[in-house]
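Whatever order the structure lists them in is the order used to number ligands and atoms, beginning at 1.
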Amino acid sequence: MVPGVRFAPVIRPGRLPAIDDLDPGGQLPDGERDAEAARFTTAAAAVADRLRERAAAATGSASEVLAATATLAQDRAWLGAAEKRIKEGMPAVRATAEAVTQFVELFTQLGGLMAERVTDLRDIRDRVIAELSGLPEPGVPAPAQPSILCAEDLAPADTAGLDPTLVVGLATTLGGPTSHTAIIARQLGIPCVVAVSGLDDVAPGTPVLIDGIRGTVTLSPDPAEAAAAVEAADAATAAMAGWSGPGATADGHPIAILANVQDGSAARAARETPAEGIGLFRTELCFLNRDTEPTVDEQAAIYGEVLDAFAGCKVVIRTLDAGSDKPLKFVGHPDEANPALGVRGIRIAALNPEVLERQLDGIAAAAANSGNSPWVMAPMIATPDEAKHFAERARERNLVPGVMIEVPAAALLADRILEHVEFLSIGTNDLAQYTMAADRMSAELATLTDPWQPGVIALVAHTAKAGAAAGKPVGVCGEAAADPLLACVLTGLGVTSLSAAAAAVTGVGAKLATVTLQQCRDAAAAVLGTASAAEARAVALEVLG
Ligand code: PEP
Ligand code: MG
């Protein structure tokens, strides 16, 4: 979701004709196959070239995403699968469609972030087929008036080219919060809601209200009410924009507001916000496409970019949280029936200790080069012994050790874990998944994995209390910290820092600045007495406004 409320008529992207209409079927004669394969190679190269040109014209993550799509358009694996079919006599249009289907199935099976790249592949398919068929590139029509773009899914290439003054909102049936559509929409500042059902039959021209804060789409709402909702949201945004940090409640209780990043470029973007530092650097996201382990020097250079972006500020680097939905080829994951409960995060260190040792060497080298000494934390800690082992490895390198609290057992034993480490950081995404026994990737179970679940908040409260007793900081770096209302509740529970996506930093800081510590404490006490996520939200809203 990308926050913001918009009311405008719907537009829809253009579609390619069905494959059967473009290719009536039948085999190519032997003599034509080589020429058809060459025609395919030229079409794929033309599509990649155009994407690269658009990447050069764009900036920031839009440019990176377009460049990544261009690279995928030239990926030997799917190009080879299409060429093989053409050599066997299949016309290029159908061969393109079938080869992409093969890889879409593979990516979907792999799940997680790989599955979200399926949209990029389908986009490449449609562009190559249009090129082969002499049709215009499929994509978004240029609207004559401010409009809301509704689609099954949007390709990064389409999203990156949107004019935010004309496409004022986005709603898609597919996609997840980390899909490229959502990432680019966030960069363009276009309110966006993904994974909305019932959008497919909405006709162009239908007036809709999208609410990127609540994640809702309302068809043909009352125009006066819709306009009032947009006005109220815009007024709230304007009020927020004046906030420039540092994080504190209205009565001056300090609470550090930090950013979550995945690389140097995200850190530099976060530096443009009032974020006071980095509360979570997800290092595994730097290496998702790597077949081999990056060397210590390569790692030091990558980590150094983040340290330099926040020179003189707090930076918390998380060691590789590989496994589950974020497998890394080079760590040697075992085959597992249930990878979310398998060898992921710190558990890899038992199997393959050198990967952790070399990563900590890379972090220590980056610290020495930049002069900014980060804190380091391990993901998926379940026992005090795991925390002790990690802390020893970190201290050997003069790094300040901490751990993430994502497993209920770790939350319950936070006091004993704190005997070994200097700080805790609560990952509410996984803590909710494991507390509620509900897959965080499942759209059907989203009510259970809601961080407002009182069961999850009780574990946060227990952890924060252990931190206060030990006199050591306890932060929250899961999505809970990005929700301004919940951020106030977390503050009331005794959490000492909040780390969220850069786009959420200002909203969280501005909200906290409007409430007192006592209000936060009252809201926290009220939330701890509730029996459902909805009730928890409602009581917090009552106290905090
Ligand atoms: C979490 O689990 O809340 C967290 C911050 O880690 P990730 O989302 O990377 O699993
Ligand atoms: Mg996690």
S.K.: Is Arg393 paired with Glu357 through a side-chain N to carboxylate O contact shorter than 4.0 Å?
M.R.: yes
S.K.: Hey, does Met380 have a side-chain heavy atom less than 4.5 Å from the side chain of Val407?
M.R.: yes
S.K.: Just which atoms of ligand 1 are under 4.0 Å from any heavy atom in Leu280?
M.R.: 5 (C)
S.K.: Ignoring hydrogens, just give me the one of Gln433, Glu479, Met380, Arg282 whose non-hydrogen atom is nearest atom 7 (P) of ligand 1.
M.R.: Arg282
S.K.: Mind running side chain to side chain contact (heavy atoms under 4.5 Å, CB included) on His420 and Phe390 for me, showing each step along the way?
M.R.: CA-CA 9 Å; His420 306 293; Phe390 176 77; over 6 Å; no
S.K.: For Asp321, counting its heavy atoms only, list the atoms of ligand 1 lying under 4.0 Å from any of them.
M.R.: 10 (O)
S.K.: May I ask you to list the atoms of ligand 1 that are less than 4.0 angstrom from any heavy atom of Arg440?
M.R.: 2 (O), 7 (P), 8 (O), 10 (O)
S.K.: Output the list of atoms in ligand 1 that are nearer than 4.0 Å to some heavy atom of Lys326, sorted by atom number.
M.R.: 7 (P), 9 (O), 10 (O)
S.K.: Below 4.0 angstrom from a heavy atom of Gly478, which ligand 1 atoms are there? Numbered from 1 as shown, please.
M.R.: 3 (O), 5 (C)
S.K.: Do me a favour and list the nearest non-hydrogen protein atom to atom 6 (O) of ligand 1 with residue, atom name and distance?
M.R.: Arg318 NH1, 2.9 Å
S.K.: Please report the C-alpha distance between Ile348 and His333 in whole Å, then the side-chain angles of each, then the deciding distance to 0.1 Å, and finally whether the side chain to side chain contact (heavy atoms under 4.5 Å, CB included) criterion is met.
M.R.: CA-CA 8 Å; Ile348 290 165; His333 296 289; 3.8 Å; yes
S.K.: Any chance you could measure Thr435, atom OG1, to Leu459, atom CG, to the nearest 0.5 Å?
M.R.: 4.5 Å
S.K.: Tell me every residue that passes salt bridge (Lys or Arg N to Asp or Glu O under 4.0 Å) with Glu535, counting only those two or more places apart in sequence or in another chain.
M.R.: none
S.K.: For a side chain to side chain contact (heavy atoms under 4.5 Å, CB included) check, start with the C-alpha distance between Lys388 and Glu419, then their side-chain angles and the critical distance, and finish with the verdict.
M.R.: CA-CA 8 Å; Lys388 177 169 183 273; Glu419 289 170 15; over 6 Å; no
S.K.: Check ligand 1 against Met404 and write out every atom of the ligand that is under 4.0 Å from a heavy-atom position of the residue.
M.R.: 4 (C), 5 (C)
S.K.: NZ of Lys511 to OG1 of Thr491: how many Å apart, nearest 0.5 Å?
M.R.: 11.5 Å
S.K.: Need the atom name: nearest N/O/S atom of Asp430 to the Mg ion (ligand 2).
M.R.: OD2
S.K.: Tell me which N, O or S atom from Glu406 is the closest to the Mg ion (ligand 2).
M.R.: OE2
S.K.: Are any of the N/O atoms on Glu284, whether in the backbone or the side chain, positioned under 3.5 angstrom from an N/O atom of ligand 1?
M.R.: no
